[in-house]
Amino acid sequence: MIEYIGPLALAGLAFLPKVQGKMSERKIIELYFKNTGFNLKRNKEVLWPEFWKKHMSPMFTRYDYNLPVGLEVEEGMADALSKALGYPVEVSGEKVMSIWIFKKRLPKQWNYKDLLPSEGWKIPIGLSYKGMIWHDFDEIPHMTVAGATRWGKTIFLKVLLTYLIEQHGDDVEFYIFDLKGGLAFNKFKSLKQVRGVAGDYKESSDLMDLITSDIKRDMSDFKLNDIENITDTDLPKRKFVIIDEAGELMKNKSMTDQEKKWVENCQRTMSYIARVSGGIGLRQIFCTQYPTGDVLDRQIKANSSAKISFRLENGTMSKVALDELGAEEIDTKGRAIYRTVDRHLVQVPYISREEMWSRLEEHVDVKAPAENGKGRENPIKFR
Ligand SMILES: Nc1ncnc2c1ncn2[C@@H]1O[C@H](COP(=O)(O)OP(=O)(O)OP(=O)(O)O)[C@@H](O)[C@H]1O
């Protein structure tokens, strides 16, 4: 039950006679149907959405309605109901329309230590109004991450690295491109799971060459063993290519000819990884603060079915990063829109540098830091 304050601002309820006191959520919803004519007329009959059930959870209340065939959720419904009910609302579904009323605001910050372990190659994306959202890299191998500087990309990458290492310490490998001066990820060179951290154009080109030769070798091993996709096997190894910041791997006028060749090699390889490597267990995470058509290559975008965006400068960038508006309106650090077929607004878990290194300490290999372009021995084992 909520206080009946907002409804008269709602177009659909503007025709209501004065409503005194309290009105149930269900009544408000059904008045909205009535006053906006949300029904289907067939012959002389008027068919209305039929209440089916109410579901309550600590995060939300959901009302499910059976829709008559032919009646569809209308644009603007969620906004209108949200104003009437005084909470964020989402409306979704076809035969059954669900009206989600989100009673709890998303937290502005929550901590990595509150995460639970997960199965398989899932990583935490963040807390949404509906609960925790996970990304499964075995279902969707490649991901793009966009966001203006200082809104949470690096923390997200640190959460991802820490979580994967904690969950899959013996089976995960990383190739890291840290092109923002090599400050954020240089120390990761000391981790057993890291095959290289590239901090400039030459190192990036060398590390891309290492990835290409790894892909070729793995592909021929997969062919020899008649394996189409690593997810059809019990091979435990997965490899992650993390590129931060992809915009730095664009040619520009101030570069020497040699530097242009190095970045061209990087661009070719990033596109190659996105096109061919999912089946052999390579996953690419492509990050940029400049989601424009130039930086976010067509092939990479087409092959990255998961997209995350933190706040962006404008709606045009949001459309490139997510294929929709919205990222320009995000107003909280660490808050992001995650899109696959579905869309979720999430608050990404926060991890401090101290917490991260206290968790990763046991994975440090003091004797053999990764050498760029050479890397550690590749431990995929087929036999
Ligand atoms: N998940 C989060 N929860 C709460 N606060 C966050 C979160 N992520 C980032 N922040 C806040 O925002 C600041 C900037 O975050 P971060 O370093 O990840 O930004 P960035 O987008 O990677 O910036 P840059 O591109 O400059 O590296 C952090 O120091 C922290 O204060």
Side-chain angles (χ1 to χ4, degrees), residues 1-3 5-7 9-10 24-26 28-29 32 49 51-65 73-94 96-116 118 122-136 139-140 143 145-147 151-152 155-156 159-160 163 306-312 318 321-350:
M1 301 276 268
I2 62 159
E3 208 67 45
I5 310 164
L10 156 68
S24 75
E25 287 172 346
R26 187 175 155 195
I28 293 176
I29 290 169
Y32 171 83
F51 177 74
W52 177 32
K53 66 175 186 220
K54 175 178 175 182
H55 174 84
M56 288 179 78
S57 93
M59 297 291 284
F60 59 82
T61 307
R62 194 184 74 215
Y63 293 84
D64 290 339
Y65 284 84
V73 171
E74 289 170 354
E75 213 179 305
M77 218 164 165
D79 280 350
L81 284 168
S82 168
K83 280 184 194 135
L85 294 159
Y87 294 106
V89 169
E90 190 183 297
V91 185
S92 60
E94 289 175 5
V96 176
M97 173 177 72
S98 297
I99 298 176
W100 307 74
I101 305 170
F102 302 115
K103 302 285 173 70
K104 285 245 168 95
R105 306 279 163 192
L106 290 182
K108 287 205 164 121
Q109 185 167 322
W110 66 283
N111 282 317
Y112 180 94
K113 65 175 165 41
D114 296 327
L115 278 169
L116 297 172
S118 72
K122 290 198 187 112
I123 59 136
I125 296 295
L127 198 57
S128 80
Y129 287 120
K130 291 181 186 170
M132 193 57 203
I133 303 294
W134 299 86
H135 173 82
D136 186 343
E139 268 176 29
I140 303 180
M143 172 187 279
V145 183
W151 285 86
I155 298 284
F156 169 68
V159 165
L160 176 145
Y163 194 82
K307 302 168 176 66
I308 301 182
S309 184
F310 295 86
R311 184 183 166 88
L312 286 169
S318 181
L322 295 169
D323 294 323
E324 64 173 30
L325 294 170
E328 75 286 4
E329 285 182 4
I330 292 173
D331 58 2
T332 306
K333 292 191 176 210
R335 188 146 306 174
I337 296 170
Y338 168 70
R339 267 205 75 179
T340 52
V341 240
D342 299 319
R343 172 196 197 276
H344 300 279
L345 182 69
V346 295
Q347 183 68 25
V348 170
Y350 178 80

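- Contact detail for S309 and A327: the closest heavy-atom pair is OG-CB, 3.5 Å.
- Note that NZ of K103 is 3.0 Å distant from OG1 of T61, once rounded to the nearest 0.5 Å.
- Atoms CG and CZ, on D323 and R339 in that order, are 6.0 Å from each other to the nearest 0.5 Å.
- Without hydrogens or angle criteria, R62 side chain to K53 main chain gives no donor-acceptor distance under 3.5 Å.
- Here the shortest heavy-atom pairing between P58 and K104 reads O-CG, 3.5 Å.
- At least one donor-acceptor pair closer than 3.5 Å links the side chain of Q347 to the backbone N or O of K333.
- Across all non-hydrogen atoms, the minimal contact from A80 to Y32 is CB-CE1, 3.8 Å.
- For E328 (side chain) and L312 (main-chain N/O), no donor-acceptor pair under 3.5 Å exists by modelled atom type.
- Formation of a donor-acceptor pair under 3.5 Å by the R311 side chain with backbone atoms of I330 is found in this model.
- With values rounded to the nearest 0.5 angstrom, M97 atom CE is found 4.0 Å from M77 atom CE.
- Looking at Y63, its side chain never comes within 3.5 Å of a backbone N or O of I101 through a donor-acceptor pair.
- Aromatic ring pairs are classed by plane angle as parallel below 30°, tilted from 30° to 60° and perpendicular above 60°; the pair Y65 and F51 is perpendicular.
- Note that CD of E25 is 6.0 Å distant from CG of L85, once rounded to the nearest 0.5 Å.
- Ion pair E90/K130 flagged as a salt bridge, since at least one NZ, NE, NH1 or NH2 atom sits closer than 4.0 Å to an Asp/Glu carboxylate oxygen.
- Aromatic ring orientation, Y129 versus F102: parallel (interplanar angle below 30°, classes split at 30° and 60°).
- Taking both residues in full, the closest heavy atoms of L116 and W134 are given as O-CH2, 3.4 Å, listed atom of the first, atom of the second, then distance.
- The heavy-atom pair separating V145 from F310 by the smallest distance is CG1-CE1, 4.0 Å.
- For the atom pair CH2 (W52) and OG (S98), the distance works out to 8.5 Å, reported to the nearest 0.5 Å.
- Looking at P349 and D114, their side chains never come closer than 4.5 Å, going by heavy atoms from C-beta outward.
- S82 places a side-chain N or O within donor-acceptor distance of the main-chain N or O of Y87, the cut-off being under 3.5 Å.
- In summary, of the residues considered (K307, H135, R343), a side-chain hydrogen bond (donor to acceptor under 3.5 Å, both in side chains) with Y338 occurs for H135 alone.
- In this structure, I123 and F156 have side chains that are in contact, with non-hydrogen atoms separated by less than 4.5 Å.
- Counting all heavy atoms, side chain and backbone alike, I140 lies closest to A306 at CG2-N, 3.6 Å.
- Listed for the W100 side chain is no donor-acceptor partner under 3.5 Å among the backbone atoms of F60.
- Separating the OG atom in S92 from the CG atom in D342 is a distance of 8.5 Å, to the nearest 0.5 Å.
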